[in-house]
Amino acid sequence: MQLARILQSQGFGSRRECRALVETGRVAVDGSPCRDPEREFETESLTLTVDGVDWRARERVCVAMNKPAGYECSRQPRDHPSVYALLPEPLARRGAECVGRLDQDTTGLLLFTDDGALAHRLISPRKRIGKVYRASCRHPVTADMVEALIAGVKLRDDPEPVRALACTRIDDRVLELTLAEGKYHQVKRMLAAAGNRVEALHRLAIGGYALPADLEPGRWRFLEADELARLETSDR
Ligand code: URA
């Protein structure tokens with residue numbers, strides 16, 4: 001594929017903008033500068049360097065972010081900055097979208113991908129891919145609460161009770177909850193229905209992929225093939 005077209009597919013701008021990037025000497029391929037936008041390359045395991053930053057060419061991307069509090073999962077945020085502002089422009093430009101949403105005050109694992117089929121599988125309640133949350137609660141967590149969350153609680157506007165795939169009391173005021181769905185404010189509403197209140201919420205994992213311990217709040221990283229495979233399993 002021609003270099004300008006490769007750059008375009010990776011989110012570096014329109015074909016015209018990508019041609020200009022190459023012609024002005026801002027691009028190297030596998031470490032060698034290239035000023036010919038029409039030069040052909042195999043895209044498989046190609047490293048592009050743009051303005052001194054290395055990017056491996058990828059057909060599809062999936063990235064994990066450790067979402068900080070105070071960011072909205074929207075491209076048009078209302079009251080807080082957008083999580084998309086924490087991603088480099090090429091990722092946002094190639095159409096990487098968040099997989100489900102977290103509330104502005106929720107922290108932890110947030111995925112972005114431009115692979116629509118993957119996003120659909122991860123979100124679909126029928127696939128039963130667990131989203132694991134740690135909730136700090138205002139009131140003590142009782143055995144009855146844990147039982148109710150597993151048996152199913154009734155949410156307003158929802159005809160059927162909603163149940164957790166798993167629920168574990170971690171300590172007096174903290175529990176871990178695994179959900180198959182991602183309904184609006186689901187954890188907060190479930191905990192309220194069970195007679196408690198969420199004071200802080202953090203997502204620890206999606207499927208078998210846990211938020212990396214060394215990923216600082218606000219930082220992101222690409223998922224590689226083995227990590228992508230883990231997303232669709234349930235063993236962490
Ligand atoms: N449930 C909530 O209540 N909020 C989130 O951000 C995610 C799940």
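Computation of the quantities below employed the complete heavy-atom set of this structure, encompassing side-chain atoms and omitting hydrogens, waters and symmetry-equivalent molecules. In each ligand, atom 1 is the first atom listed, and ligand 1 is the first ligand listed.
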Check: every ligand 1 N/O to protein N/O pair under 3.5 Å:
unit_1   : atom_1 : unit_2 : atom_2 : d
ligand 1 : 1 (N)  : Q186   : N      : 3.4
ligand 1 : 1 (N)  : V187   : N      : 3.0
ligand 1 : 3 (O)  : H185   : O      : 3.2
ligand 1 : 3 (O)  : Q186   : N      : 3.4
ligand 1 : 3 (O)  : V187   : N      : 3.3
ligand 1 : 3 (O)  : K188   : N      : 3.0
ligand 1 : 4 (N)  : D103   : OD2    : 2.7
ligand 1 : 6 (O)  : D103   : N      : 2.7
ligand 1 : 6 (O)  : D103   : OD2    : 3.4
ligand 1 : 6 (O)  : T106   : OG1    : 2.8

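Residue I170 shares its hydrophobic cluster (ILVMFWY side chains chained together at separations under 4.5 Å) with V174.
Under the ring-ring contact (aromatic ring centres under 6.0 Å, His included) criterion, F112 pairs with Y84, sequence neighbours left out. By the salt bridge (Lys or Arg N to Asp or Glu O under 4.0 Å) test, R26 is found to be paired with D51, residues two or more places apart in sequence or in another chain being considered.
Note on R163 versus E181: no salt bridge recorded, every NZ/NE/NH1/NH2 to OD/OE distance being 4.0 Å or above. Comment: E17 engages R93 in a salt bridge, judged by a side-chain N to carboxylate O separation of less than 4.0 angstrom.
In this structure, R56 is not positioned above the aromatic face of F222 in the sense of NZ or CZ being under 6.0 Å from the six-membered ring centre and within 45° of the axis.
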